[in-house]
2 protein chains.
Amino acid sequence: MSTYAGQGMAAAATARLVEPPSVREEADPLSHPAAHEIALAAVLHALSDPMRLRIVAALAVEDKRTCKSFNLPVTKSTCTHHFRVLREAGVIRQRLEGTTRLNSLRREDLEARFPGLLDSVLRAAGVARGGSGEAGVP
Amino acid sequence: MSTYAGQGMAAAATARLVEPPSVREEADPLSHPAAHEIALAAVLHALSDPMRLRIVAALAVEDKRTCKSFNLPVTKSTCTHHFRVLREAGVIRQRLEGTTRLNSLRREDLEARFPGLLDSVLRAAGVARGGSGEAGVP
DNA sequence: GGCGGAGTACGATGTTTATCGAACGATAGC
DNA sequence: GCTATCGTTCGATAAACATCGTACTCCGCC
């Protein structure tokens with residue numbers, strides 16, 4: 001498979017600011033690609049895994065959720081792996097709130113970058129109106 | 001990565017019919033998933049590879065092409081691998097014509113199965129009107 | 001200050017994937 | 001029948017990927 005951001009890639013800077021959380025999203029140490037840096041192949045790769053597709057479908061229904069709230073059928077370290085793939089592909093945005101990460105879809109960035117792509121994937125996954133594919137709603 | 005149709009999977013039946021080629025597409029021994037069997041994750045996986053995305057983008061511009069006609073920068077065995085992934089995901093249809101395979105997009109099947117998905121991916125790849133992403137046209 | 005929870009980093013394992021070369025089969029043309 | 005072409009299969013390699021357990025950090029709460 002083509003090399004994508006994944007395990008072994010340089011981790012996000014771990015320096016901690018003294019500011020309280022949610023001062024500004026940019027204050028969080030998690031790195032996110034700029035909208036123009038989002039690569040189509042990385043987005044499609046991120047969405048091609050059933051676990052990650054499930055995460056994205058759930059976020060489409062209810063945004064701003066913590067990692068734990070998805071109740072994924074894998075261990076915490078695997079969850080961390082999947083959320084990182086989604087974040088580094090530019091599909092989700094994560095920001096720190098205390099000990100949790102609030103995850104949300106980068107809907108506007110993705111729509112600007114690849115118009116209609118996210119919506120068509122979500123429809124295909126059975127989210128939103130007219131969905132007839134696999135059940136993706138948690 | 002999740003298990004998909006790929007290397008090692010049961011090959012298409014190798015029985016040969018005595019009928020001349022292109023009598024009917026169904027006479028070709030290549031197996032294609034029925035439209036309702038096309039899985040979203042497999043389609044996204046197939047399209048997440050830059051080489052396969054290039055193939056699909058080229059077919060969007062000019063359908064019914066032979067494997068060789070794409071002039072892909074990989075060996076013939078790797079080409080065979082990629083075309084098989086696309087066919088088994090249900091993205092392309094292949095039919096035999098002499099020593100060649102004619103490849104074409106399963107546009108209608110994909111549109112019926114996942115409305116808008118292929119078009120949005122092609123736009124994102126820079127094919128068709130309004131495309132502004134990476135150059136995908138050969 | 002201690003405890004619990006959320007999530008991470010690290011290292012490991014097993015599987016999947018993309019790549020290739022060599023040998024081969026099928027077809028077309030002569 | 002021979003040759004050339006297209007494409008395949010097989011086996012191999014290296015890299016990528018999903019998975020996990022362990023130990024850890026950080027934060028919130030008491």
Side-chain angles (χ1 to χ4, degrees), chain A residues 1-22 28-30 41-42 45-46 48-52 65-89 94-103, chain B residues 1-22 28-30 41-42 45-46 48-53 55 65-89 94-103:
Chain A
M1 145 179 321
S2 324
T3 302
Y4 300 103
Q7 275 173 327
M9 199 174 196
T14 53
R16 294 294 189 266
L17 298 171
V18 190
E19 299 178 35
S22 48
D28 288 341
L30 295 162
H45 166 73
S48 68
D49 178 85
M51 197 64 57
R52 294 194 293 270
R65 301 177 53 169
T66 65
C67 301
K68 180 173 168 54
S69 73
F70 292 83
N71 281 320
L72 297 170
V74 291
T75 68
K76 291 198 292 179
S77 44
T78 302
C79 286
T80 295
H81 160 75
H82 283 304
F83 281 102
R84 179 197 285 115
V85 171
L86 287 169
R87 170 169 48 83
E88 290 179 354
Q94 290 185 298
R95 71 179 171 88
L96 300 168
E97 279 216 343
T99 54
T100 67
R101 300 293 175 83
L102 273 192
N103 303 282
Chain B
M1 146 177 318
S2 325
T3 303
Y4 300 104
Q7 275 174 326
M9 200 174 194
T14 53
R16 296 292 188 266
L17 298 172
V18 190
E19 300 178 33
S22 47
D28 289 341
L30 294 163
H45 167 71
S48 69
D49 179 86
M51 197 65 55
R52 294 194 290 272
L53 190 55
I55 291 170
R65 301 178 54 168
T66 64
C67 300
K68 180 174 168 55
S69 73
F70 291 85
N71 280 321
L72 297 170
V74 291
T75 68
K76 293 196 293 181
S77 45
T78 303
C79 285
T80 295
H81 161 73
H82 284 304
F83 281 102
R84 178 197 283 114
V85 172
L86 287 169
R87 170 170 48 85
E88 290 178 356
Q94 290 185 299
R95 72 180 172 86
L96 300 168
E97 277 215 346
T99 54
T100 68
R101 300 291 176 83
L102 272 191
N103 303 283

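The structure presented is a predicted model; accordingly, all values stated were derived computationally and were not measured. Letters A, B, ... are given to chains in the order of the sequence lines, protein chains preceding strands, and every chain is numbered from 1.
Within the nucleic acid shown, B:Thr100 comes within 4.0 Å of sugar-phosphate atoms alone, with no base atom in reach, counting heavy atoms only. As judged by a 4.0 angstrom heavy-atom cut-off over every strand, A:Lys76 is placed among the base-contacting residues.
The separation between A:Leu86 atom CG and D:dC17 atom P is 13 Å, rounded to whole Å. For B:His82 and D:dT8, the NE2 to P distance is 13 Å, given to the nearest whole Å. Taking atom CZ of residue B:Arg84 and atom P of nucleotide D:dC6, one finds them 20 Å apart after rounding to whole Å. Atom NE2 in A:His81 sits about 14 Å away from atom C1' in C:dG14, given to the nearest Å. The interatomic distance linking B:Asp49 (CG) with C:dA18 (P) rounds to 5 Å, in whole Å. In this structure, CG of A:Asn103 is placed 14 Å from P of C:dA6, rounded to the nearest angstrom. Across the protein-nucleic acid pair, B:Arg101 atom CZ and D:dT8 atom C1' stand 7 Å apart, rounded to whole Å. What separates CG of A:Leu72 from C1' of C:dA6 is a distance of 14 Å, to the nearest Å.
Taking 3.5 Å as the limit, the base of C:dG21 and the side chain of B:Ser77 contain a donor-acceptor pair of atoms between them.
Taken over five-pair windows at either terminus, the axes of the helix from C:dG1-D:dC30 to C:dC30-D:dG1 are inclined to one another by 30° (rounded to 10 degrees).
The distance from atom CG of B:Leu86 to atom CE of B:Met51, rounded to the nearest 0.5 Å, is 11.5 Å. Atom CG of residue B:Leu96 and atom CG of residue B:Leu102 lie 9.0 Å apart, to the nearest 0.5 angstrom. In this structure, B:Gln94 CD and B:Phe83 CZ are separated by 7.0 Å, a value rounded to the nearest 0.5 Å.
Contact of the B:Leu30 side chain with the B:Arg87 side chain is registered, since non-hydrogen atoms from C-beta on lie closer than 4.5 Å. Using a 4.5 Å heavy-atom cutoff, the side chains of A:Arg52 and A:His81 are in contact.
Residues meeting the side-chain hydrogen bond (donor to acceptor under 3.5 Å, both in side chains) test with A:Ser77, sequence neighbours left out: A:Thr75.
The side chain of A:Thr80 approaches C:dT8 more closely than any other nucleotide in the set D:dC6, C:dT8, D:dC20. Checked against D:dG7, C:dA18, C:dC20, the side chain of B:Val74 finds its nearest nucleotide in C:dC20.
Residues A:Thr99 and A:Thr78 both approach DNA chain D. Their nearest nucleotides, taken by heavy-atom distance, put A:Thr78 toward the 5′ side.
Stacking of B:Arg65 on the aromatic ring of B:Phe70 is recorded, both the 6.0 Å distance cut-off and the 45° axial limit being met.
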